[in-house]
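Protein chains get the first letters and strands the later ones, always in sequence-line order, with residue 1 at the start of each.
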There are 4 protein chains.
Amino acid sequence: MDDPLETAKARTRILDAAEELFAGGGYDATPTARIAELAGVPKGLVFHYFPRKIDVLVSLVDERTLVTEEDVEAVPGDPAGTLSKLARMLPLRASPDMRRILFREADTHRSVRDRLGRLNAEIIRRSRFALELALPGSRGDAARLEAAAATFAAVLLYQESLCLLTGHHIDPDAVAELIAHALG
Amino acid sequence: MDDPLETAKARTRILDAAEELFAGGGYDATPTARIAELAGVPKGLVFHYFPRKIDVLVSLVDERTLVTEEDVEAVPGDPAGTLSKLARMLPLRASPDMRRILFREADTHRSVRDRLGRLNAEIIRRSRFALELALPGSRGDAARLEAAAATFAAVLLYQESLCLLTGHHIDPDAVAELIAHALG
Amino acid sequence: MDDPLETAKARTRILDAAEELFAGGGYDATPTARIAELAGVPKGLVFHYFPRKIDVLVSLVDERTLVTEEDVEAVPGDPAGTLSKLARMLPLRASPDMRRILFREADTHRSVRDRLGRLNAEIIRRSRFALELALPGSRGDAARLEAAAATFAAVLLYQESLCLLTGHHIDPDAVAELIAHALG
Amino acid sequence: MDDPLETAKARTRILDAAEELFAGGGYDATPTARIAELAGVPKGLVFHYFPRKIDVLVSLVDERTLVTEEDVEAVPGDPAGTLSKLARMLPLRASPDMRRILFREADTHRSVRDRLGRLNAEIIRRSRFALELALPGSRGDAARLEAAAATFAAVLLYQESLCLLTGHHIDPDAVAELIAHALG
DNA sequence: AATGAATGAGAATTCATTCAT
DNA sequence: TATGAATGAATTCTCATTCAT
């Protein structure tokens, strides 16, 4: 605890530990004492930085998930490729651990749920936008476009979680191709 | 305890109460004492029937979700309608509460996860089968069919959960139509 | 439970089960439910025969340990042989399990302790008597004879227990020889 | 909690209380709540220091029984006196309470049993050594010496317990004299 | 005699949180 | 900032015992 480098980052180390533990066993199942232990700080210090346990989760979500807003460059005439590209640059800047936390705790914690909602809306928006650009002449069905965007967003968002929970892997590129074909 | 209706099935009332409470606040957040209270039985009786708390959850999943296996009747030439019909008779005989429980607890409880995995596999299988029947001449792309089935299953399964978590409603019929168009 | 042979002996089977379990894990650590289970009888029946749990232990001690009172035949001039013979026909008619129970529960249950006390007194009495007969001319030290009898009784009684607890085996014959030499 | 005497050592007070209660009613029969109560600390603090109840017992045995290893000074030519002296400085630094705990719980708790085994071995070793020194010319029977040492150790160790359980007091000095005579 | 559901008083243990230093 | 002892409410689970049938 004397190393200034170590000392300086107690708060960071607490968040690191929490991220790992929340992702592993879930928020409820993680005692603050174990966070402190893994972070290598005394128990009291956790409450110094985060007066209530829930604040650790909130801070984690606030500081470690970022819903970016840069749009993908659409390739006109190639909706499948455009969606695939979007899939590869998901507007969620977050570690895999943070992603698990986001999905897992959304059910029970409003602030997490809000963040997930915003993320979903953003993916839908960008999918729709990308598809519009990629399909220039698409005077086509707006409702179908909407369904396509929502479906793609759902697949992107839940892909990992789905695989984890059901054991079935789903390939975003194949879905991109499917959707492109539907709108083509 | 004299009311015959009450007396009939303490065990059933315990499961009823648990179903409601687990769906509401989650498994972890539900003390067995509250299950007993809502069921109108003494605390000890819960443990008489379910030696560990987790057994309540396991029994619930075992006894109250049924993955049926009757296939949907496909309408040749109408894949969209066929999928819509399938959506309406989900091979999951379970209350909305049980469905929430299934998704929420799958993350942490293997037996629940297993059941969810089986359910997902069954929906995929049936979607694929329905599409094959509905598209007689589909010498078409097997991979695309697969992607379609998996996508439709994901949407069906996560529909409710997605809406709850992200606030965004997704219409299975629109997705059915989308997929039909992609394969048509 | 239909076999008359089985039915007839429910009480006996309960005691059998209790004997085994009490010896194994101790009285306190043995739930009545497990006694019933091992005995193959419903839980309620245990309380039919033994209104309180302690009654099982008391009955066991009452019915399954017998402090016999037949004296050993002393061999004049051979105190060591006489004691050895006495060791081999301990005035305790009891299974090894019952013996463990006797020693283990004496500490906490008066009725068991009483039985153990009586047993000890009887062994001392018989040892003294045997030694007197075997050492005809022993107008010797009465106090030393008393110490010898008490020592031999202690060794006999605690032999097994001592071995179990300390891992050190003590040979009654060697002690008999030792004592004979001391008095000879 | 302001009294400095009280404040000094909550942990110590917990062990004090446990020592008293375990000796009195036994480990199983002593709820942690009563330990806390007697120690004058909140229940939770017991578990702060001793995560599981058994840790209280283990700590007690670890910290409050000491098997010393200083040998007794033998008096050549006076084996009885030497043994008596040994009896008076038992190689067990422990309160009477701790001694009761040691015997009572050895049956069910390995760590306690181990300590008792070591203690017994040490007493035998010392008795043998003392006798060898006290009987210089004893080229005598090694087996008899062994039996003597084991017997004396058994008597020393079980003396109290024996008296408590059987109501019969046994005098170590008389046994010492007896043994001396046997080897003399 | 037989049965097993019902009861409820504890038991150990967990843990967020406070607080004095 | 840092520390870890202190607190006590809450929780899961155990079990002897009762009782209606």
Let me spell it out: for each of B/A29 and C/A29, pick the nucleotide of DNA chain F with the closest heavy atom. Which residue's pick is nearer the 5' end? B/A29

Nearest whole angstrom, please: distance from the P of E/dG4 to the CD of C/E37. 13 Å

Please tell me if A/Y49 has a side-chain N or O lying less than 4.0 Å from either OP1 or OP2 of F/dA2. yes

Now, which nucleotide makes the Watson-Crick or G-U wobble pair with E/dT14, with each of the two distances under 3.5 Å? F/dA9

Is E/dA1 paired to anything, Watson-Crick or G-U wobble with both distances less than 3.5 Å, and if yes, which nucleotide? none

Whole angstrom value for the distance that separates C1' of F/dT14 from CG of B/D55: 15 Å

Without decimals, in angstroms, what is the distance between A/L21 CG and E/dC15 P? 12 Å

Mate of E/dA20 where both pairing distances stay under 3.5 Å, Watson-Crick or G-U: F/dT3

In whole angstrom, give the distance that lies between atom CD1 of A/I14 and atom P of F/dT3. 11 Å

From CG of B/L57 across to P of F/dT12 the rounded distance in Å is 13 Å

Using whole Å, what does the distance between atom P of nucleotide F/dC15 and atom CG of D/D28 come to? 11 Å

Treating A/K53 as the side-chain partner and A/Y27 as the backbone partner, does any N or O pair qualify as donor plus acceptor under 3.5 Å? yes

Can you find a side chain N or O atom of C/T32 that sits less than 4.0 Å from OP1 or OP2 on F/dA16? yes

Report the distance from atom CG of A/L60 to atom CZ of A/R115, rounding to the nearest 0.5 Å. 11.0 Å

Of all the choices, F/dA2, F/dA16, F/dC13, which nucleotide is nearest to the side chain of C/P31 once you look at every atom? F/dA16

If you assign A/Y27 and C/V46 each to the DNA chain E nucleotide with the nearest heavy atom, which residue ends up on the more 5' nucleotide? C/V46

Donor on one side chain, acceptor on other, A/R64 and A/S95, under 3.5 Å: no

Tell me: CD1 of C/I54 to P of F/dC15, nearest whole Å? 16 Å

Is the CZ atom of D/R11 crowded by more than 12 outside heavy atoms at less than 6.0 Å? yes

So if I take every side-chain heavy atom of D/P42 and compare against E/dA6, E/dA2, F/dG8, which nucleotide ends up nearest? F/dG8

The side chain of A/F47 lies closest to which of these nucleotides: E/dT18, E/dG4, F/dA6? E/dT18

From E/dA2, F/dT1, F/dT17, pick the nucleotide closest to the side chain of A/H48? F/dT1

If you only use heavy atoms from C-beta on, which nucleotide in E/dT17, F/dA2, E/dA12 is closest to the side chain of A/R52? E/dT17

Please classify the nucleic acid contact of A/K43 as base, sugar-phosphate, or nothing, using heavy-atom distances under 4.0 Å. base

Gap between atoms CG and C1', on D/L45 and E/dT18 respectively (whole Å): 14 Å

Would you find more than 12 non-hydrogen atoms of other residues, nucleotides or ligands less than 6.0 Å from C/R34 atom CZ? no

Can any side-chain N or O of D/R113 pair as donor or acceptor with the backbone N or O of C/L165 at less than 3.5 Å? no

Could you work out which one of F/dA2, F/dA5, F/dT17 sits closest to the side chain of C/K53? F/dT17

